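Taking it in order: structure first as structure tokens, then the write-up.
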There are 2 protein chains.
Amino acid sequence: MMTELVYRRVMRDLKKRILNGEFTTKKLPDERSLSATYQVSRSTMKRAMEILVDQGIIFKKRGAGTFINPLYLKDRSAFRYEGKNLGITDSFQANGKPTKSRLLDYRVIPATAELQQELFLTESDFVYEIKRLRLVADKPVIIETGYIPIKILPTLTPAVAQSSIFSYVQDVQGQTVNRAFLSIHVQPSTAEDQDLLHLKPIEPVGVMSGIFFLDDGTPFEVSTMRLHYRDLKYGTFVNLNED
Amino acid sequence: MMTELVYRRVMRDLKKRILNGEFTTKKLPDERSLSATYQVSRSTMKRAMEILVDQGIIFKKRGAGTFINPLYLKDRSAFRYEGKNLGITDSFQANGKPTKSRLLDYRVIPATAELQQELFLTESDFVYEIKRLRLVADKPVIIETGYIPIKILPTLTPAVAQSSIFSYVQDVQGQTVNRAFLSIHVQPSTAEDQDLLHLKPIEPVGVMSGIFFLDDGTPFEVSTMRLHYRDLKYGTFVNLNED
DNA sequence: TCCAAAAATTGGACCGTATCAATTTTAAAA
DNA sequence: TTTTAAAATTGATACGGTCCAATTTTTGGA
């Protein structure tokens with residue numbers, strides 16, 4: 001069992017205290033005092049607080065102090081924007097939706113030059129090529145083509161590929177897929193798109209492609225998802241001051 | 001003029017070097033060497049690199065090293081809605097081509113139910129409705145509609161609305177817009193879309209909408225951009241398991 | 001040659017310090 | 001009382017260090 005990291009413990013506790021309304025003034029104690037009460041260094045305290053800042057729960061003003069975002073307490077559900085954009089999270093994680101999956105293709109091929117690049121492989125490496133059609137309520141929604149290095153998942157079978165590969169990874173390897181680099185765009189549809197996704201010839205198709213990483217940073221899968229444009233929904237928080 | 005922060009200088013330089021292809025092996029020197037060459041502490045080096053990790057440009061593997069995300073270098077799209085350039089309200093760049101902005105509409109209206117939700121307003125609140133057409137090389141590319149509460153920016157004028165609202169906020173209120181919730185989808189086009197963006201009736205339109213927040217968490221603006229679907233491109237780094 | 005153990009490498013967590021900048025508070029002056 | 005200047009507060013940046021965990025490389029023995 002992994003011992004919980006200090007800054008996460010502090011972060012969680014502080015968050016809990018905020019939600020419990022322990023800070024009636026809407027102002028938190030200063031960093032130095034907080035780090036003293038938690039018996040951690042100020043750097044760790046800052047790290048914990050920074051996460052809450054990113055979540056929009058608190059904000060800091062140099063020279064003045066740290067304050068609780070009143071809107072957060074007022075209506076926390078409004079801060080959970082996830083409800084609006086089930087688009088992608090759904091296809092990442094198997095969260096209880098009535099989705100089915102049909103295996104269109106499943107084979108092992110040598111890694112192409114492009115795949116070698118993207119998954120950090122060599123010429124001698126092989127990958128699974130997995131093509132699936134995802135159905136929601138028996139309607140085809142996503143055509144997904146994914147490539148996974150054999151050496152990462154030597155025990156993969158078609159049966160597994162048909163259901164959730166990600167949870168399989170978690171079971172077998174104890175690792176989670178939790179980061180991805182995604183690129184989203186829309187392009188003219190192919191005949192196959194039109195056929196499977198019920199698109200008219202002139203209608204375009206939505207494409208989400210990206211690399212998925214394991215906990216430890218290993219590139220795990222390269223995947224392209226093609227979907228009806230009406231299903232292309234994506235929402236995210238963006239920090240604007242990072243350039 | 002503010003002297004540039006050390007970690008930002010290092011971050012920018014490293015980013016530049018990566019994009020220039022200086023690290024052919026797709027592997028960066030280790031943190032300790034890098035901090036030595038940049039003459040900064042390891043903590044500062046980590047801070048600089050962490051930003052690039054968040055941007056999806058590099059990723060790290062403990063014990064192994066730091067690597068360049070191969071997808072990042074490839075597929076650089078026409079528009080990059082990243083960082084500051086995420087300019088729904090403000091500056092967005094298009095490969096150095098000259099962009100113009102035409103004010104289509106500017107009025108004050110009562111906040112609709114939806115706006116009340118998104119901007120935390122009440123029935124008695126009013127908002128500016130600002131509609132602009134953005135042109136790249138004299139061709140209309142984006143139809144943008146934004147809503148800003150009067151009580152946040154009582155002094156806004158059409159002249160300002162045509163140029164940069166964000167920097168205006170900074171000047172007048174000393175606040176920055178530094179976070180946004182951005183959502184992307186595609187929907188059937190309206191007659192106006194078809195007209196302005198040269199879409200055929202059956203072709204859909206790309207929509208990017210965002211809620212922008214000030215430092216203190218106040219929602220500052222709701223904005224919607226409608227654009228030709230071929231221009232709808234977005235790259236992002238996703239973290240799935242956050243508390 | 002091959003394999004397992006040991007060593008070196010590399011990123012992660014945490015600590016503590018010094019200095020600075022923005023803001024608020026206090027004290028002094030008008 | 002009001003205004004102004006100094007002092008204290010508070011978060012931000014930057015430094016450098018220790019220890020640890022994951023991975024890779026080297027080494028030594030079978």
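Proteins get letters first, then strands, A, B, ... in listed order; numbering begins at 1 in each. Predicted, not measured: the structure shown is a model, and the values here were computed from it. Only this structure's heavy atoms are used, side chains among them; waters, hydrogens and symmetry mates stay out.
- In the set C:dT23, C:dC14, D:dA21, C:dC14 carries the atom at the smallest distance from any side-chain atom of A:T44.
- Between A:L5 atom CG and D:dC20 atom C1' the separation is 12 Å, expressed in whole Å.
- When heavy atoms are screened at a 4.0 angstrom cut-off, B:K46 is found touching base atoms of the nucleic acid.
- Distances shorter than 4.0 Å separate some side-chain N or O of B:Y7 from OP1 or OP2 on D:dT13.
- Here A:K60 reaches the OP1 or OP2 of D:dA12: one of its side-chain N or O atoms lies under 4.0 Å away.
- Among residues at least two apart or in separate chains, salt bridge (charged side-chain N to carboxylate O under 4.0 Å, His left out) pairs with a member in residues 28-40 of chain A are A:E31-A:R42, A:E31-A:K46, A:E31-A:K60.
- Atom pair A:K151:NZ and D:dT23:P shows a separation of 14 Å (rounding to whole Å applied).
- Going from atom CG of B:D216 over to atom P of C:dT23 covers 13 Å, rounded to whole Å.
- Counting to the nearest Å, the P atom of C:dG16 and the CE atom of A:M45 are 14 Å from each other.
- No hydrogens or angles considered: nothing links the side chains of A:S183 and B:K233 as a donor-acceptor pair under 3.5 Å.
- In this structure, the side chains of B:P70 and A:I211 come closer than 4.5 Å at one or more pairs of heavy atoms.
- Of the candidates C:dA13, D:dA14, C:dC20, C:dA13 carries the atom nearest the A:R47 side chain, counting heavy atoms from C-beta on.
- The side chain to side chain contact (heavy atoms under 4.5 Å, CB included) test applied to B:S43 returns B:S41, not counting sequence neighbours.
- Between A:R9 atom CZ and C:dA13 atom P there is a gap of 15 Å when expressed in whole angstrom units.
- Put simply, CE on B:M49 is 8 Å from P on C:dG12, counting in whole angstrom units.
- Ranking C:dA13, D:dA12, C:dT24 by closeness to the A:A64 side chain, first place goes to C:dT24.
- Partners of B:T37 by side-chain hydrogen bond (donor to acceptor under 3.5 Å, both in side chains), not counting sequence neighbours: none found.
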Distances under 3.5 Å only, N/O to N/O: pair up the protein atoms with those of nucleotides 1-8 of chain C.
none

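- Scanning atom types as modelled, one donor and one acceptor separated by under 3.5 angstrom connect the side chain of A:S43 and the base of C:dG16.
- Sorted by residue number, the members of residues 31-42 of chain B with any non-hydrogen atom under 4.0 Å from DNA chain C read B:E31, B:R32, B:R42.
- The stretch residues 39-67 of chain A participates, sequence neighbours left out, in these ring pair (Phe, Tyr, Trp, His ring centres under 6.0 Å) pairs: A:F59-A:F67.
- Remark: A:R62 pairs with no residue by the side chain to side chain contact (heavy atoms under 4.5 Å, CB included) rule, at least two apart or across chains.
- With rounding to whole Å, A:K61 atom NZ is found 15 Å from C:dT25 atom P.
- Atom pair B:D30:CG and C:dG11:P shows a separation of 5 Å (rounding to whole Å applied).
- When all heavy atoms of A:I152 and A:P219 are compared, the pair lying nearest together is CD1-O, 3.4 Å.
- For B:F23, the side chain to side chain contact (heavy atoms under 4.5 Å, CB included) partners are B:L14, B:R17, B:I18, B:L28, B:P29, B:I68, not counting sequence neighbours.
- B:D125 is linked by a salt bridge (Lys or Arg N to Asp or Glu O under 4.0 Å) to B:K151, counting only residues two or more places apart in sequence or in another chain.
- Listed pair B:T66 / C:dT10 fails the phosphate criterion, with no side-chain N or O lying under 4.0 Å from OP1 or OP2.
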